[in-house]
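Throughout, residue positions are numbered sequentially from 1 according to the sequence presented.
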Amino acid sequence: MTFLSLLTGSFSTPAAENPTVAMVEAAYRHHGLDARYLNCEVEPDALGDAVRGARAMGWVGFNCSLPHKVAVIEHLDAIGDSAAVIGAVNCVVRRDGLYVGENTDGQGFLAALRTVVDPAGKSLVVLGAGGAARAITVEAALAGAATITIVNRDRARGLEVVALLNERPSARATFVGWDGTYRVPDATDIVVNATSVGLAPDLDARVDLDPDSLRPEMTVADVIPNPPRTRLIRDAEERGCAVLDGLGMLVNQAVIGIRYWTGIDPDPTVMRRELEELFTRRTS
């Protein structure tokens, strides 16, 4: 018998609306693991202290969410191949006493997307150019997406992602400045919101996109897990689009993270069910 639990968690700000803790601890309970997941509010200027604290307390790993996915790299001992290509880390793993940064966002999103549509040969429009957008578009390019359009207000940041994607022989990426309400081109197959617009508590925020440019043959995905039914998802459903909420990406990237930390392959259905019940209770 031991009274020393495995410690994992998340560093982000704002952290209060992040439901990851409920999902991960449900998996720990289901698989009989003596492990804890601590959701921590960490401001940008305290990130280094948070990582040093995790080291001191022997955490086996942690997630990094907004706005730390790039900044955390300087506080780590190494980064994995996918994180190096993407240039962002969302999952840190202790290996041989060293903290190694990985990126499970893109893999998690792709696994969820494939339940609705295979991105191979498809035309993607991705809104945003932050860590989530980088992870998603790199994985989409590796999966054979025909074209990827990055739509972003910060031109330099958007062009940086385009340059990263165009290093891959199979990808054709372009940048569009987000200077006003964006109209999705008719030939688009998949639209992805990779921004934080619509994240709780700002439940009624609408991505600056013309909802009437969404067509029934398109698949519309949102990376935001809370709330699962964002304004964009509702707009897309009203126009007959296939939709993918942020819970799929959240669950699938966490499955990989738990495997990294514990060696266990967690049951994703347990994790998804916990989130669905959580949001049902909150809206009832």
Side-chain angles (χ1 to χ4, degrees), residues 19 105-130 132-141 143-153 158 161 165 171-200 202-253 268 272 275-276 279-280 283:
D105 273 341
Q107 298 170 57
F109 177 81
L110 205 63
L113 181 64
R114 281 178 167 146
T115 65
V116 180
V117 61
D118 190 328
K122 300 295 193 297
S123 171
L124 274 72
V125 165
V126 178
L127 308 174
R134 292 171 75 102
I136 287 167
T137 54
V138 166
E139 294 294 344
T147 64
I148 300 173
T149 301
I150 301 294
V151 183
N152 199 55
R153 299 195 188 283
V161 177
L165 296 173
R172 287 193 297 118
T174 56
F175 170 75
V176 174
W178 203 350
D179 303 319
T181 301
Y182 180 71
R183 283 193 57 83
V184 180
D186 289 350
T188 302
D189 298 304
I190 301 168
V191 181
V192 183
N193 174 39
T195 77
S196 60
V197 176
L199 183 65
D202 199 4
L203 303 181
D204 289 323
R206 173 180 262 148
V207 175
D208 195 6
L209 171 152
D210 181 356
D212 290 329
S213 66
L214 300 174
R215 302 167 66 85
E217 57 270 23
M218 296 177 183
T219 296
V220 177
D222 204 323
V223 303
I224 290 175
N226 183 13
R229 287 180 52 76
T230 59
R231 188 76 175 268
L232 176 63
I233 291 293
R234 300 198 306 270
D235 285 343
E237 281 183 330
E238 288 171 5
R239 286 154 181 83
C241 302
V243 298
L244 179 68
D245 65 35
L247 294 186
M249 175 178 172
L250 188 68
V251 168
N252 283 300
Q253 60 86 17
R272 172 104 192 182
L275 292 175
E276 289 174 343
F279 287 115
T280 298
T283 56

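Here the side chains of Asn193 and Thr230 are not in contact, with every heavy-atom distance at 4.5 Å or above. In this structure the side chain of Arg153 reaches within 4.5 angstrom of the side chain of Asp208, judged on heavy atoms. Between Tyr182 and Val207, every side-chain heavy-atom pair lies at or beyond the 4.5 Å cut-off. Side-chain contact between Leu232 and Val197 is absent, with no heavy atoms from C-beta onward closer than 4.5 Å. Annotation: side chain of Leu275 is not in contact with side chain of Pro228 (no heavy-atom distance under 4.5 Å). The closest side-chain heavy-atom distance from Gln253 to Leu250 is below 4.5 Å. Inter-residue side-chain proximity for Val125 and Val151 is flagged as met; some heavy-atom pair is nearer than 4.5 Å.
In this structure, CD1 on Ile148 lies 10.5 Å from CZ on Arg172, to the nearest 0.5 angstrom. Taken to the nearest 0.5 Å, the CD1 atom of Ile233 stands 9.5 Å off from the SG atom of Cys241. Note that CG of Leu244 and CD1 of Ile190 are 9.5 Å apart. Values are rounded to the nearest 0.5 Å. In this structure, CZ on Arg229 lies 13.0 Å from CG on Leu203, to the nearest 0.5 angstrom. Taking CG of Asp235 as the reference point, atom CG of Leu214 lies at 7.0 Å (rounded to 0.5 Å). The CG atom of Asp186 lies 11.0 Å from the OG atom of Ser123; values are rounded to the nearest 0.5 Å.
Taking both residues in full, the closest heavy atoms of Ala112 and Gly248 are given as CB-C, 3.6 Å, listed atom of the first, atom of the second, then distance. The nearest pair of heavy atoms linking Ala129 to Ile150 is CB-CG2, 4.2 Å. The two residues Leu247 and Pro225 make their nearest non-hydrogen contact at CD2-O, 3.5 Å. Contact between Ile224 and Gly198 at its shortest, heavy atoms only, is CD1-C, 3.7 Å. Of all the heavy atoms in Ala111 and Thr115, the pair that sits closest is O-CG2, 3.6 Å. Ala236 and Val243 make their closest contact through CB-CG1, 3.7 Å (heavy atoms, listed as atom of the first residue, atom of the second, distance).
With Glu139 contributing its side chain and Ile136 its backbone, the two residues share no donor-acceptor pair below 3.5 Å. Between the side chain of Arg239 and the backbone N or O of Pro211 there is at least one donor-acceptor pair closer than 3.5 Å. A donor-acceptor contact shorter than 3.5 Å is absent between the side chain of Arg134 and the backbone of Val161.
Qualifying salt bridge (Lys or Arg N to Asp or Glu O under 4.0 Å) partners for Asp105, counting only residues two or more places apart in sequence or in other chains: Lys69.
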Given the rule in the side-chain contact (heavy atoms from CB on, under 4.5 Å) test, do Phe279 and Asn226 qualify, once you have shown the distances and angles that lead to the verdict?
CA-CA 8 Å; Phe279 287 115; Asn226 183 13; 3.1 Å; yes
One pair to check against side-chain contact (heavy atoms from CB on, under 4.5 Å): Thr137 and Leu124. What are the steps and the verdict?
CA-CA 9 Å; Thr137 54; Leu124 274 72; 5.9 Å; no
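Only one option out of Thr147, Asp189, Thr188 pairs with Lys122 in a side chain to side chain contact (heavy atoms under 4.5 Å, CB included); it is Asp189.
Applying the salt bridge (Lys or Arg N to Asp or Glu O under 4.0 Å) test to every pair with at least one member in residues 216-226, sequence neighbours left out, gives these pairs: Arg215-Glu217.
In the displayed structure, Asp204 atom CG is contacted under 6.0 Å by at most 12 heavy atoms of other residues, nucleotides or ligands.
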